[in-house]
Structures are given as structure tokens and as C-alpha cells.
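Inspection log for the structure reproduced underneath, given as C-alpha cells.
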Amino acid sequence: MKSEKVDVLVIGAGPSGTVAASIVNQSGLKVKIVEKQKFPRFVIGESLLPRCMEHLDAAGFIPAIKARGFREKTGAKFVNEKDEESVFEFSEQFSEGWNWTWQVPRAEFDKILADEVEKMGVEIRYETAVTDIKFNGTDSITTVEDLHGNKSEIEARFIIDASGYGRVIPRLFNLDAPSQLPPRKALFTHIIDTRRPTGKDANRITVIIHQPGVWIWVIPFSNGNTSLGFVGEPSFFEPYSGSNEEKLRQIIATNGRLRERFKDSTFLWEPKVLEGWSVSTKKFYGDGFVLTGNATEFLDPIFSSGVTLATESGHLAADLAVKQLKGEKVDWEKEFVEHTMQGVAVFRTYVMAWYEGSLQDIFFAKKQNEKIKQQICSVLAGYVWDLDNPFVKKHKKNVSTLAEVIRLDNAQSKK
């Protein structure tokens with residue numbers, strides 16, 4: 001069996017893996033990526049957040065992404081069942097940092113990152129699956145297998161598992177843990193958007209509340225296509241029959257805001273279903289490995305947190321792995337887990353408040369406190385590590401308290 005040696009083995013060539021590989025490569029250490037699929041490949045998470053731009057910039061990817069001409073994202077619009085609108089502009093956020101990002105077809109976006117990291121000298125072995133990992137302290141021997149059944153071994157001083165939904169190390173070592181969030185389902189496709197609205201709405205991501213517990217994403221791309229998806233509890237989809245396309249067309253027809261826009265529109269592919277995505281893990285690191293991105297925990301697509309958490313954890317994991325391999329002491333619990341879980345915890349609060357209804361009360365309140373709106377806007381921009389922001393530092397308490405104040409105010413106004 002063939003064998004090779006690297007300093008760091010990265011599992012997965014998505015944004016977390018490519019950011020991590022670029023950072024490790026910049027340090028002068030030898031890094032290699034193995035990826036089970038062939039790129040380009042489809043994945044959701046098409047609306048980025050400004051916070052992830054910092055990591056794409058550090059990895060050296062910004063010029064290549066910018067050259068592709070993706071749709072710039074400068075904010076987001078939310079629409080409730082009464083057709084009331086709540087708009088957040090990232091230029092008005094509380095936190096310092098990037099105030100724009102992109103909306104991207106992920107197949108194309110991820111391929112750009114992977115191609116760029118290869119240009120930097122990092123080898124990616126596509127269509128290569130990890131079948132076994134043996135650890136000897138922090139050193140490891142990983143057995144991989146290609147499509148033809150050819151096996152080889154990769155000796156590494158450290159492994160960064162950025163395998164996303166593949167969750168390689170959690171599954172090999174029984175580290176999966178149940179999520180705190182209830183199961184939900186998404187039905188989605190890309191549509192040729194011939195009736196796209198004009199003005200800012202032509203470019204802006206829109207989240208539409210279809211009914212309690214069910215929401216719609218509408219993400220316009222620069223190529224004239226739009227990503228459209230319905231998200232809700234699995235029971236919401238049960239009354240609809242036929243193929244996935246027939247089901248999605250039936251559901252679209254029940255929404256007054258979308259019915260005319262997407263009537264008889266061409267679907268670019270048979271709508272896909274994703275469900276049971278929320279998952280956690282028993283541990284984020286161990287001797288010789290760390291988990292990043294969706295290999296750690298994936299919450300929900302509502303606030304587009306996936307790529308931000310992926311690039312944040314990938315960048316940090318790479319920095320710490322380099323530090324450790326160069327002989328410095330690393331406190332993985334404090335420096336990695338606590339930091340990562342800070343962001344996850346904030347996003348989880350907002351996800352749960354969205355489905356519970358508190359966040360919708362805040363978004364569509366008749367009286368808006370502009371400072372508070374700016375602070376919440378920063379969360380929506382991905383700045384969930386800014387402890388100067390009270391809606392980050394005391395996220396659970398402040399979201400709950402604000403929603404309660406708004407509900408009491410509404411009750412008083414009706415008397």
C-alpha cells in the first residue's frame with residue numbers, strides 16, 4: 001500500500017477545509033486535502049455573511065471570488081404574513097468590519113476556493129474517501145480509497161476534519177450527539193427568474209414567513225437564476241403529492257407573494273430535499289485532530305450561519321494546529337472550543353427565537369430603536385464574537401427581554 005507523509009491532513013475541500021489548508025500552507029508546513037466528491041458539486045449555504053470575508057481575505061481568496069462577478073449582498077429583507085417588511089442594511093451594523101459579502105451558487109463558489117488553494121501548491125485528492133484513521137498520540141495514519149478501490153495511507157502530524165455533512169471523524173469514532181433543535185425539512189431548487197423585481201429587491205436576499213414555523217428563502221444570483229426554498233417541520237410537506245417538482249409548484253401556488261413571480265418558471269433541476277440536518281458532537285478535538293465547520297455542529301439555514309462558522313473555525317483551527325506543530329502550547333478547550341461555541345450559542349439563540357416567534361416580534365415591531373436594530377444587524381452580519389454588542393454578550397436574556405417588552409407594548413396599544 002502506498003504511503004505519504006504530511007504535516008497536516010485536511011478532510012474536505014469546502015470553505016472550511018480550503019481556508020484551513022491555505023492558512024497552514026502559508027506557514028510553510030506541508031498540507032494535503034482529501035475530498036470524497038468531485039467538484040463542482042451542489043451544496044446549500046448560498047448566502048454568505050460579512051464576517052466570513054475576513055477569513056476568505058486571510059486565505060487569499062478574495063480577488064478570485066471578486067473576479068467571478070457574484071451578486072453582492074449588502075443586507076437582508078424579512079417579510080411577515082401581513083406583508084410587512086423589515087430590512088437590515090449591513091452598512092448600519094453596530095460592529096466594525098466588512099459590511100458586504102456575496103450571494104453565490106455554492107458549486108461554483110467552492111470550486112473557486114479549491115482551485116485557488118491548488119494554485120498555492122496544496123494538493124487536493126478528489127473522489128477519495130477516508131475509510132480508517134489510527135492515532136498514535138498526535139500522529140495518525142489515515143487510510144483512503146479512490147473510486148477504483150485503490151487504497152493508500154497518509155501519515156500526518158495533525159488532522160483537520162472539515163468534512164461537513166460527511167462528519168468523518170465523528171462517525172468513525174462515534175462522536176455524534178443529538179442537536180437541541182427539532183427536526184426540520186427543506187425543499188428547494190434554482191429557478192430561471194424571468195420576473196425578478198427591479199430596484200434593490202432584484203439583488204437582495206428575502207426571507208418570507210409563509211405560515212407559523214414555515215419560511216421561504218429567495219436568493220437572487222448574478223446569472224439571472226434564483227435559489228428558492230421552503231423550510232418547515234416535515235409535517236408541513238405531507239399534504240402535497242407527486243414528484244418534488246410537483247410538490248414545490250403546489251406550495252409556491254399557495255404563497256401570494258411568489259405565485260405570479262414563479263408561475264410556469266423553469267426549474268434548473270429537480271427540487272432537492274434536505275432534512276434532519278441539525279446535529280452536534282461529543283467533542284470538538286482530541287489528540288491529533290480538530291473538527292471544523294459542519295463537522296462540529298450545524299444549526300439551521302435561517303440566518304446563513306453555516307459558511308461563517310465554517311470559515312471561522314477553519315481559520316482558527318489552522319492557526320492553532322500550526323502553533324502546536326511548531327512547538328508552542330495550545331489550550332484547545334479555551335482557544336478553540338470556547339471561541340467556536342460562543343458563536344454557535346449566539347446563532348442558536350437567534351434560530352430558536354425565530355421559530356418561537358420572539359425574533360419576528362422584534363423585527364416587525366411598530367416602534368424601532370435604531371441602536372438596538374444596529375446591534376441585531378451585527379448578529380445577522382455574523383459578528384457573533386463582538387462582546388461589546390449587548391445582543392451578543394447577553395444574547396439570550398436581551399432577545400427574550402426585548403421581545404417581552406414589545407409584546408407588552410402591543411397589548412397596551414390594543415386597549
Side-chain angles (χ1 to χ4, degrees), residues 7-12 15-17 19-21 23-24 27 29 31 51-52 54-55 58 133-140 142 156-164 166-181 278-299 305-351 379 382-389 392-397:
D7 293 306
V8 177
L9 173 64
V10 176
I11 305 173
S16 190
V19 165
I23 300 302
V24 172
S27 76
L29 296 177
V31 58
R51 171 69 180 191
C52 74
E54 299 180 18
H55 309 301
I133 302 174
K134 287 186 170 60
F135 286 98
N136 180 19
T138 56
D139 292 341
S140 60
T142 298
R157 298 168 61 201
F158 198 86
I159 296 175
I160 296 175
D161 183 353
S163 57
R167 303 181 61 77
V168 170
I169 286 180
R171 287 179 175 167
L172 281 176
F173 295 93
N174 192 31
L175 299 180
D176 277 340
S179 170
Q180 298 177 10
L181 300 172
S278 296
V279 65
S280 189
T281 185
K282 296 173 186 173
K283 57 192 294 189
F284 283 63
Y285 69 95
D287 284 347
F289 75 88
V290 65
L291 310 178
T292 69
N294 289 349
T296 59
E297 180 159 4
F298 181 71
L299 295 170
S305 61
V307 175
T308 294
L309 291 172
T311 54
E312 182 87 23
S313 58
H315 187 174
L316 180 57
D319 280 340
L320 296 175
V322 168
K323 184 177 171 183
Q324 178 171 299
L325 292 177
K326 292 191 172 181
E328 298 180 52
K329 185 174 177 55
V330 172
D331 184 338
W332 285 96
E333 190 67 31
K334 185 172 183 58
E335 296 179 68
F336 184 80
V337 176
E338 289 185 14
H339 178 85
T340 302
M341 289 309 296
Q342 158 70 30
V344 170
V346 175
F347 275 127
R348 185 188 291 112
T349 288
Y350 283 75
V351 168
V379 173
Y383 286 94
V384 290
W385 291 274
D386 180 6
L387 296 180
D388 289 331
N389 182 349
V392 169
K393 187 172 184 178
K394 295 183 178 179
H395 48 93
K396 200 167 186 177
K397 178 184 176 183

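We're numbering straight along the sequence, starting at 1.
- Taking every heavy atom of both residues into account, F336 and L291 meet most closely at CZ-O, 3.3 Å.
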In sequence, state the C-alpha distance, the side-chain angles, and the governing distance for T340 and L309, and then conclude on side-chain contact (heavy atoms from CB on, under 4.5 Å).
CA-CA 8 Å; T340 302; L309 291 172; 5.6 Å; no

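- The structure places OG1 of T311 at 11.0 Å from CG of L316, a figure rounded to the nearest 0.5 Å.
- Proximity of a side-chain donor or acceptor of D7 to a complementary backbone N or O of L29 within less than 3.5 Å is not detected.
- Under the rule for a salt bridge (Lys or Arg N to Asp or Glu O under 4.0 Å), the partners of K134 that lie at least two apart in sequence or sit in another chain are D132.
- Between R348 and M341, the closest side-chain pair of non-hydrogen atoms falls below 4.5 Å.
- Residue I11 holds its CD1 atom at 5.0 Å from CD1 of I169, rounded to the nearest 0.5 Å.
- Here the side chains of I23 and D319 are in contact, with some heavy-atom distance below 4.5 Å.
- Among all heavy-atom pairs drawn from V19 and G314, the shortest one is CG1-C, 4.5 Å.
- Contacts of K393 classified as salt bridge (Lys or Arg N to Asp or Glu O under 4.0 Å), with partners at least two apart in sequence or in another chain: none.
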Test log, rule side-chain contact (heavy atoms from CB on, under 4.5 Å), inputs F173 and F289
CA-CA 12 Å; F173 295 93; F289 75 88; over 6 Å; no

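- Contact check for Y285 versus V337: side-chain heavy atoms found under the 4.5 Å cut-off.
- Looking only at distances, a side-chain donor or acceptor of Q342 sits under 3.5 Å from a matching main-chain atom of V384.
- S163 places a side-chain N or O within 3.5 Å of a backbone atom of V168 that can act as its donor or acceptor partner.
- Separation of atoms OG1 (T292) and CG (D161) is listed at 7.0 Å; rounding is to 0.5 Å.
- For E335, the salt bridge (Lys or Arg N to Asp or Glu O under 4.0 Å) criterion is met by K323, not counting sequence neighbours.
- Checking side-chain atoms of S313 against main-chain N and O of G293 turns up a donor-acceptor pair under 3.5 Å.
- Between the side chain of R167 and the backbone N or O of D176, no donor-acceptor pair lies under 3.5 Å.
- Although no hydrogens or angles enter the test, the distance criterion places no donor-acceptor pair under 3.5 Å between the side chain of K282 and the main chain of P170.
- Between G382 and T308, the shortest heavy-atom contact is O-CG2, 4.2 Å.
- Between H315 and A58, the closest heavy-atom pair is CE1-CB, 3.5 Å.
- Summarising the geometry of W332 relative to A317, their closest heavy-atom pair is CH2-O, 3.9 Å, with the distance given to 0.1 Å.
- A donor and an acceptor atom, one from each side chain of W385 and E312, are nowhere located under 3.5 Å apart.
- For the atom pair F158 CZ and D287 CG, the distance stands at 9.5 Å (nearest 0.5 Å).
- Annotation: D331, atom CG; neighbour count of heavy atoms from other residues, nucleotides and ligands within 6.0 Å is above 12.
- When all heavy atoms of V322 and V24 are compared, the closest pair comes out as CG2-CA, 4.0 Å.
- Considering NZ of K329 and CD of Q324, their distance stands at 9.5 Å, rounded to 0.5 Å.
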When you look at N389 and Y383, which way does the side-chain contact (heavy atoms from CB on, under 4.5 Å) test go after all the steps?
CA-CA 9 Å; N389 182 349; Y383 286 94; over 6 Å; no

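- Counting only heavy atoms from C-beta outward, the side chains of I159 and I133 approach each other to under 4.5 Å.
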